[in-house]
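The shown structure was predicted, so the numbers you read here are calculated from the model rather than taken from an experiment. Side chains included, hydrogens not; waters and symmetry mates left out as well; all remaining heavy atoms used. One-based numbering, in listed order, for ligands and for the atoms of each.
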Amino acid sequence: MTTIAFIGLGNMGSGMAANLVKAGHAVRAFDLSEAALARAVADGATAAKSVAEAVAGADAVVTMLPAGKHVRAVYEAEVFGAARSDAILIDCSTIDVGSARAVAEQAAARGLAFVDAPVSGGVAAAAGGTLTFMVGGPAEAFARAEPILARMGKAVIHAGAAGSGQAAKICNNMLLGASMVATAETFVLAQKLGLDPQTFFDIASKASGQCWSMTSYCPVPGPVPTAPSNRDYEGGFAAALMLKDLKLALEAASGVDASVPMGAQAEALYQAFGNLGGAGKDFSAIIKLLDGSWRA
Ligand code: NAD
């Protein structure tokens, strides 16, 4: 039986750890939050008293933490010192590319195998084991991480060298954020020009304006019944998390002198929406900022 240390059992990590338990792994959990730890134990994991206790002797380590500073601190202060020399280290958090590469370099310097493996898919996908993992790191490390990640997701894709998983994640989400803003402003214009939203949807979804933000996640209620727009923009992918990913994308773009005007525009709009009290709403609620109907 493979023993897996799981650090960070929040909204995402709790479901992921539960799926590793269901797959027959021995999961040793640690989280700073006692409530999160208790939930993991209820799902079949064993509670550890510290990161180092969870990691010591484990075959694999999975981390699912808020941001780069947490990931750096946890690996530098505890994981590296406690991990078995043949353990596979997997960070599934969404963090800045620089931090992901820095942790990978430190792991390599110690002869440890590490991959960055951020996810696409939200809390429901984490609980249902249907996440998509995009993985950065050496091919041998990817080969070792893949069977573990496959227990938590429907797709596991090797994106390239260290940091490439994070690069793929923020590029994808920058495209998603910009395309959602474009879709939302287009539906506002269409309506102001007298077009019925369903009729415009039927046309644009079969024409060259077609995109995922419209056909799978339409910001106007009606055309896509499963979209958060039909439940007052509750659930789904919070505008605050979209803003986090857009900020990571802009930071990465500035580091490599890439021009990303649409990503920057989307970041400014999600920042304004958050400032006006929209952070907790699904990110498609940006349409309410654009049509002037937003009230916190
Ligand atoms: P969360 O805040 O619910 O969970 C993070 C957990 O990490 C918390 O339980 C916290 O107590 C714990 N933690 C923080 N510092 C720690 C430390 N030093 N040691 C141990 N535990 C520590 O966040 P989440 O929604 O589960 O997201 C986790 C990551 O996944 C983030 O990087 C996020 O951007 C990414 N992500 C989230 C979603 C989503 O829909 N929620 C989707 C895709 C990716």
Side-chain angles (χ1 to χ4, degrees), residues 5-19 27-43 45 47-55 61-82 89-97 99-100 103 116-135 149 152-155 165-166 168-174 176-177 217 228 233-249 251-252 270 279-284:
F6 205 112
I7 316 299
L9 299 135
N11 294 321
M12 297 293 287
S14 54
M16 294 163 69
N19 283 324
V27 175
R28 283 200 224 141
F30 179 72
D31 194 295
L32 294 176
S33 152
E34 282 183 20
L37 200 50
R39 188 169 44 167
V41 170
D43 287 338
K49 291 190 183 62
S50 66
V51 173
E53 187 185 297
V55 167
V61 177
V62 179
T63 47
M64 192 55 165
L65 297 162
K69 64 179 179 187
H70 307 96
V71 172
R72 288 174 93 130
V74 162
Y75 277 86
E76 284 163 15
E78 297 195 77
V79 175
F80 288 145
L89 313 179
I90 306 171
D91 178 40
C92 295
S93 327
T94 300
I95 67 171
D96 58 289
V97 176
S99 289
V103 174
D116 52 289
V119 306
S120 177
V123 176
T130 57
L131 294 166
T132 293
F133 290 90
M134 28 213 129
V135 188
L149 296 174
M152 301 184 281
K154 64 174 172 14
Q166 300 296 348
K169 162 86 186 177
I170 57 173
C171 285
N172 179 73
N173 279 21
M174 186 180 83
L176 175 63
Y217 219 83
Y233 305 91
E234 293 297 337
F237 185 53
L241 288 171
M242 173 52 81
L243 180 61
K244 172 192 171 181
D245 293 353
L246 287 166
K247 284 184 183 298
L248 290 174
E251 184 186 334
Y270 279 103
K281 287 285 181 184
D282 178 75
F283 78 114
S284 61

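Residue G8 approaches ligand 1 through these ligand atoms, each under 4.0 Å from one of its heavy atoms: 7 (O). Distances below 4.0 Å separate heavy atoms of V119 from the following atoms of ligand 1: 43 (C), 44 (C). Residue G10 approaches ligand 1 through these ligand atoms, each under 4.0 Å from one of its heavy atoms: 3 (O), 4 (O), 6 (C), 9 (O), 26 (O). Each of the atoms 40 (O) of ligand 1 lies under 4.0 Å from some heavy atom of G122.
Protein heavy atom nearest atom 31 (C) of ligand 1, with residue, atom name and distance: L65 O, 3.4 Å. The nearest heavy-atom contact from the protein to atom 44 (C) of ligand 1 is T94 OG1, 3.6 Å. Counting protein heavy atoms only, atom 34 (O) of ligand 1 is closest to K244 NZ, 2.8 Å. Looking at atom 8 (C) of ligand 1, its nearest protein heavy atom turns out to be D31 OD2, 3.5 Å. Among all non-hydrogen protein atoms, the one lying nearest atom 26 (O) of ligand 1 is M12 N, 2.8 Å. Counting protein heavy atoms only, atom 3 (O) of ligand 1 is closest to N11 N, 2.9 Å. Given atom 42 (C) of ligand 1, the protein heavy atom at minimum distance is G121 O, 3.4 Å. Of the protein's non-hydrogen atoms, V74 CG2, 3.4 Å is the one closest to atom 18 (N) of ligand 1.
The side chain of I7, and not its backbone, has at least one atom closer than 4.0 Å to an atom of ligand 1 (non-hydrogen atoms only; side chain from C-beta on). Contact annotation for P118 and ligand 1: no heavy atom of the residue comes within less than 4.0 Å of the ligand. At a heavy-atom distance under 4.0 Å, only side-chain atoms of K169, from C-beta outward, approach ligand 1.
Interatomic distance, L246 CG to L176 CG, rounded to the nearest 0.5 Å: 8.5 Å. Interatomic distance, M64 CE to H70 NE2, rounded to the nearest 0.5 Å: 13.5 Å. In this structure, CD on Q166 lies 9.0 Å from OG on S99, to the nearest 0.5 angstrom. We find the CD1-NZ distance between I95 and K69 to be 13.0 Å, quoted to the nearest 0.5 Å. Note that CE of M134 is 8.0 Å distant from OG1 of T94, once rounded to the nearest 0.5 Å.
With a 4.5 Å cut-off on side-chain heavy atoms, M242 and F237 count as touching. With a 4.5 Å cut-off on side-chain heavy atoms, V103 and D91 do not count as touching. At least one side-chain heavy atom of V62 sits under 4.5 Å from a side-chain heavy atom of C92. For the pair F30 and K49, the minimum side-chain heavy-atom distance is 4.5 Å or more.
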Side-chain donor-acceptor pairs under 3.5 Å in residues 5-16, sequence neighbours left out?
| residue | atom | partner | partner atom | Å |
| --- | --- | --- | --- | --- |
| S14 | OG | G10 | O | 2.8 |

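With no hydrogens or angles considered, a side-chain donor-acceptor pair links D282 and Y217 at under 3.5 Å.
Judged as a side-chain hydrogen bond (donor to acceptor under 3.5 Å, both in side chains), the pairs with a partner in residues 239-249 (not counting sequence neighbours) are, in order, N173-D245, K247-E267, K247-Q271.
By the 3.5 Å distance cut-off applied to N or O atoms, P66 is counted among the residues near ligand 1. Note: no N/O pair closer than 3.5 Å links F30 and ligand 1 by distance alone.
Proximity annotation for atom 41 (N) of ligand 1: of T132, L9, L241, L241 comes nearest, heavy atoms only.
For atom 15 (N) of ligand 1, a protein non-hydrogen atom is found at a distance below 4.0 Å.
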